[in-house]
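As the structure is a prediction and not an experimental result, all values here were calculated from the model.
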Amino acid sequence: MALFLLGGRLLKCRTAVTSMHVSFCSSSVAMGWQHVNGVDLYYEQSGRGKHAVLLLPGALGSTRTDFGPQLKSLNKERFTVVGWDPRGYGQSRPPDRDFPSDFFERDAKDAVDLMKALGFARFSLLGWSDGGITALIAAARNPYLIRKMVVWGSNSFVSQHDLQLYEAVRDVSKWSARMRQPMEEVYGPEIFAKMWEAWVHGIAQFAKRPEGNICMELLPLISCPTFIIHGEKDPMVPSLHPQYLLKHIKGSRLHLMPEGKHNLHLKYADEFNKLVEDFLEE
């Protein structure tokens, strides 16, 4: 059985299921799991446009916590929008999430293989924060599959200053209740706190590499049109990161949002969606 949201009502629709893929039976939102690389990855799909777009969430993020305005409002006639929960996040559990040294590479392979399994020969990427790093790697590794890419709140290396920013938010008990709520609703307070601690440790390991490298050497391999968006008030990603991406990704462009913070695509969803749609349709 698949669940679909149509006209504000939750409907059930009997569908064929192959390799955990729940297929469409309406033009609204399809939800299901697809078996990819040994795990069942949760995804949501909306729209019926010819241009497929994959949304890549941030650290511990999921389709529902990170991309509600995009799944709801990106043009459904022009785009087919797919949101997914990376392995160990959201509804793609089990397995429990871990952070080995190649976790971004693993997410990039999962993301691309998911889209292949869903039948998309070519597609674009919208990557936020950690999802932007994943998108950079996926685009570099799969130049013939990726049409276009939009990244924001993302970095290709971890500086000592970045480490200080991560350490400052390591203890989630010091976050405001409003900031914790979305993640605690997904994971529960205890699991969320443990996962976030593990993420801070996981991202910090890159600072031990030369120049704090995550994927710096891959940036020159990116050949798809790339749009970098940066909120000038982003407290987690200093401006040197989008500037570095702009310099090292050939033909890329940068758009600055003066009032934007790390979650600019949520707070300024209409403006962000318009920028993305215009870029994807060029």
Side-chain angles (χ1 to χ4, degrees), residues 29 31-34 36-37 39-46 52-74 79-93 95-99 103-115 118 123-139 146 149-155 166 169 172 179-187 191-192 195-196 198-200 202-203 214-215 227-229 231 234 236-237 260-269 272-273 276:
V29 178
M31 305 173 235
W33 285 263
Q34 176 70 44
V36 175
N37 299 328
V39 297
D40 294 328
L41 297 176
Y42 176 79
Y43 72 96
E44 296 187 11
Q45 182 175 326
S46 68
V53 179
L54 177 64
L55 309 174
L56 298 104
L60 277 64
S62 62
T63 299
R64 295 182 181 181
T65 59
D66 288 14
F67 290 115
Q70 284 68 53
L71 275 166
K72 178 181 178 182
S73 299
L74 285 175
F79 306 107
T80 295
V81 182
V82 179
W84 74 305
D85 297 0
R87 65 169 68 202
Y89 287 169
Q91 297 190 70
S92 293
R93 296 177 294 149
D96 293 333
R97 179 70 180 197
D98 62 352
F99 298 94
F103 73 89
F104 284 119
E105 292 273 1
R106 183 181 64 185
D107 284 350
K109 179 171 173 50
D110 282 349
V112 169
D113 290 348
L114 171 64
M115 291 299 279
L118 295 179
F123 48 93
S124 292
L125 304 172
L126 268 62
W128 176 41
S129 196
D130 272 22
I133 300 172
T134 301
L136 295 171
I137 295 171
I146 309 305
M149 175 170 58
V150 183
V151 294
W152 66 103
S154 303
N155 49 302
Y166 303 148
V169 297
V172 299
M179 291 295 292
R180 293 195 307 268
Q181 180 183 359
M183 291 299 184
E184 289 183 345
E185 289 179 350
V186 174
Y187 301 108
I191 293 176
F192 166 53
M195 286 182 66
W196 185 258
W199 176 82
V200 172
I203 195 72
I214 300 175
C215 59
F227 189 24
I228 305 157
I229 303 176
D234 190 330
M236 293 299 296
V237 182
K261 295 184 180 180
H262 198 56
N263 64 345
L264 58 85
H265 67 298
L266 301 177
K267 187 169 184 179
Y268 302 102
F272 175 85
N273 287 354
V276 167

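- Proximity of L114 to D110: side-chain heavy atoms (C-beta onward) are nowhere separated by under 4.5 Å.
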Problem set entry | Working for side-chain contact (heavy atoms from CB on, under 4.5 Å), residues Q34 and W84 | CA-CA 10 Å; Q34 176 70 44; W84 74 305; over 6 Å; no
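- Atom CZ of R87 sits about 8.0 Å away from atom CG of D107, to the nearest 0.5 Å.
- Of all non-hydrogen atoms in I146 and A139, the two that sit nearest each other are CG1-CA, 3.8 Å.
- For the pair T63 and M31, the minimum side-chain heavy-atom distance is 4.5 Å or more.
- Between F192 and W196, the ring planes are tilted. Angles from 30° to 60° get that label.
- Using a 4.5 Å cut-off on side-chain heavy atoms (C-beta onward), Y42 and R64 make contact.
- The aromatic rings of F67 and H265 sit tilted, their planes meeting at an angle between 30° and 60°.
- A 4.5 Å side-chain heavy-atom check between R106 and D98 finds at least one atom pair inside the cut-off.
- Using a 4.5 Å cut-off on side-chain heavy atoms (C-beta onward), R93 and V186 make contact.
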For this session: Tell me, with the steps shown, if M183 and V172 meet side-chain contact (heavy atoms from CB on, under 4.5 Å).
Result: CA-CA 11 Å; M183 291 299 184; V172 299; over 6 Å; no
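- Each of I229, V81, V53 was compared with L126 under the side-chain contact (heavy atoms from CB on, under 4.5 Å) criterion, and only V53 meets it.
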Exercise. Taking it one step at a time, do R97 and D85 satisfy salt bridge (Lys or Arg N to Asp or Glu O under 4.0 Å)?
Worked result: CA-CA 11 Å; R97 179 70 180 197; D85 297 0; over 6 Å; no
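- For D96, the CG atom counts as loosely surrounded, since its 6.0 Å shell holds 12 or fewer non-hydrogen atoms of other residues, nucleotides or ligands.
- A donor-acceptor pair under 3.5 Å links the side-chain atoms of D66 to the main chain of G58, judged by distance alone.
- Using modelled atom types, no side-chain atom of N263 and backbone atom of L266 make a donor-acceptor pair closer than 3.5 Å.
- For the pair V112 and A138, the tightest heavy-atom approach, listed with the atom from each and the gap, is CG2-CB, 3.9 Å.
- Across every non-hydrogen atom of V237 and G153, the tightest pair is CG2-O, 3.4 Å.
- Judged purely by atom type and a 3.5 angstrom limit, Y89 uses its side chain to pair as donor or acceptor with the backbone of L60.
- No donor-acceptor pair closer than 3.5 Å links the side chain of S129 to the backbone N or O of S154.
- Between V39 and P95 the shortest heavy-atom distance is CG1-CD, 3.8 Å.
- With values rounded to the nearest 0.5 angstrom, L54 atom CG is found 5.0 Å from M115 atom CE.
- Heavy atoms only, all atoms of each residue included: M149 and A135 are closest at SD-O, 3.4 Å.
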For this session: Could you check F99 against F103 for ring-ring contact (aromatic ring centres under 6.0 Å, His included), going step by step and ending with a plain yes or no?
Result: CA-CA 6 Å; F99 298 94; F103 73 89; 5.2 Å; yes
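- Judged as a ring pair (Phe, Tyr, Trp, His ring centres under 6.0 Å), and not counting sequence neighbours, Y187 has no contacts.
- For the residue pair W199 / D130, a side-chain donor-acceptor distance below 3.5 Å is found, with atom types taken as modelled.
- V82 and Q45 get closest at one heavy-atom pair: CG2-CG, 4.0 Å.
- Remark: L55 CG to Y43 OH distance equals 14.5 Å, nearest 0.5 Å.
- Inter-residue side-chain proximity for H262 and W128 is flagged as met; some heavy-atom pair is nearer than 4.5 Å.
- Inter-residue side-chain proximity for P86 and P57 is flagged as met; some heavy-atom pair is nearer than 4.5 Å.
- No option in T134, L136, N155 other than L136 meets the side-chain contact (heavy atoms from CB on, under 4.5 Å) test with C215.
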